[in-house]
Amino acid sequence: MCAHVLVAEDDEMQAELIRRSLLAEGHTATVVHDGRAALDAARRTAPDLVVLDLMLPVIDGFGVCRVLRRDADIPVVMLTARSAEDDVLLGLELGADDYMTKPYSPRELMARIRTVLRRSGRGVDAGPREDPVVRAGDLAVDPVRHEVHCDGTPVECTPAEFEILLAMAAEPERVFSRRQLLEVTRGTDRASTERAVDVHIMNLRRKIEADPRRPARLLTVFGVGYKLSGGRG
């Protein structure tokens, strides 16, 4: 089943992870970062489903959902860090088809999207329209096969390590704080702490660096966090 999904998420890292996960499922995606842009994109692209963050700037997710339900019958999956019962009920009363609170597992989100699309009868059978493999230099992360290759050599990763590499490879040279990387792993390891991120990085260096003590790919930015070099190691 292939669908076009509109992703309205103001966190650019989360939006990119969702986009890549959708591509891996064979869908196409349009990504926007505020509520007004979401409404404009919905009118322009007529998506099969909207993944809608509640805490959007300009117009929040509740406002976007109200307009979508007034103007069209587009399935909506709401995402939010707010888990209060009143928020959940309001989202569902406004017509959201499903509701997930952060942190969430990207795999669970894709499963929810499949269910909503199947229930709504939207989407068509098709193969992937874009290569989902994320590349940064000689590192390749494949979210479809859940495989990592470094300079052509397979690399065995834990689920948390894989999610960290996927996020960093999607934005090479971007500096990620420990807290940001922790959020990436929460879907696979909810017991993690920021210090656990350091352990994941240390283990990844053992797997992808020629000399883990002098990393050339997975670099420390002192006082900030880590980044993945886009060049060869």
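The first residue in the sequence is number 1, and the count goes up from there. Heavy-atom basis, side chains included; hydrogens, waters and symmetry copies ignored. This is a predicted model, so every value here is computed, not measured.
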Backbone N or O of [Y] within a donor-acceptor pair of the [X] side chain at under 3.5 Å?
X	Y	value
Glu209	Arg217	yes
Asp97	Val77	no
His27	Ala3	yes

hydrophobic_cluster_shared for Tyr226 and Met202, side chain cutoff 4.5 Å:
no

Q. Should Ile201 and Val199 be counted in the same cluster of Ile, Leu, Val, Met, Phe, Trp and Tyr side chains packed under 4.5 Å apart?
A. no

Quick one, [X] and [Y] - any side-chain contact, counting heavy atoms below 4.5 Å?
X	Y	value
Leu22	Ile113	yes
Cys150	Leu139	yes
Pro75	Val116	yes
Gln14	Leu79	no
Arg43	Val67	yes
Leu165	Cys157	yes

Less than 4.0 Å between a side-chain N and a carboxylate O, is that true for Lys207 and Glu156? no

Using a strict threshold of under 4.0 Å (side-chain N to carboxylate O), is an ion pair present between Arg114 and Asp98?
no

Minimum heavy-atom distance [X]-[Y], with the two atoms named:
X	Y	result
Leu219	Arg205	C-NH2, 3.5 Å
Ala136	Leu228	CB-CD2, 3.8 Å
Pro212	Arg206	CG-CA, 3.8 Å
Phe176	Ala167	CZ-O, 3.6 Å
Ala140	Arg135	CB-CG, 4.2 Å
Leu6	Ala41	CD1-CB, 3.7 Å

For atom CZ of Arg119, decide whether the heavy atoms of other residues, nucleotides or ligands shown that lie under 6.0 angstrom number more than 12.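 Above 12, so yes.
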
Could you check whether atom CZ of Arg69 has more than 12 heavy atoms from other residues, nucleotides or ligands sitting under 6.0 Å from it?
yes

Side chain to side chain contact (heavy atoms under 4.5 Å, CB included) between Glu9 and Val31, worked out = CA-CA 8 Å; Glu9 166 65 78; Val31 176; over 6 Å; no

Distance in Å, [X] [atom1] paired with [Y] [atom2], rounded so as to fall on 0.5 Å steps:
X	Y	atom1	atom2	value
Leu23	Ile18	CG	CD1	12.0 Å
Asn203	Ile208	CG	CD1	11.5 Å
Asp10	Asp34	CG	CG	9.0 Å
Leu181	Glu194	CG	CD	9.5 Å
Asp48	Ser120	CG	OG	7.5 Å
Met100	Glu108	CE	CD	3.5 Å

Step by step, work out the side chain to side chain contact (heavy atoms under 4.5 Å, CB included) result for Leu68 and Leu39.
CA-CA 8 Å; Leu68 290 176; Leu39 291 174; 4.2 Å; yes

According to side-chain contact (heavy atoms from CB on, under 4.5 Å), who are the partners of Val175, at least two apart in sequence or on a separate chain?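 Val221, Val224, Lys227.
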
Verify side chain to side chain contact (heavy atoms under 4.5 Å, CB included) between Leu166 and Glu163, making sure each step is shown before the conclusion.
CA-CA 5 Å; Leu166 179 60; Glu163 296 299 340; 4.1 Å; yes

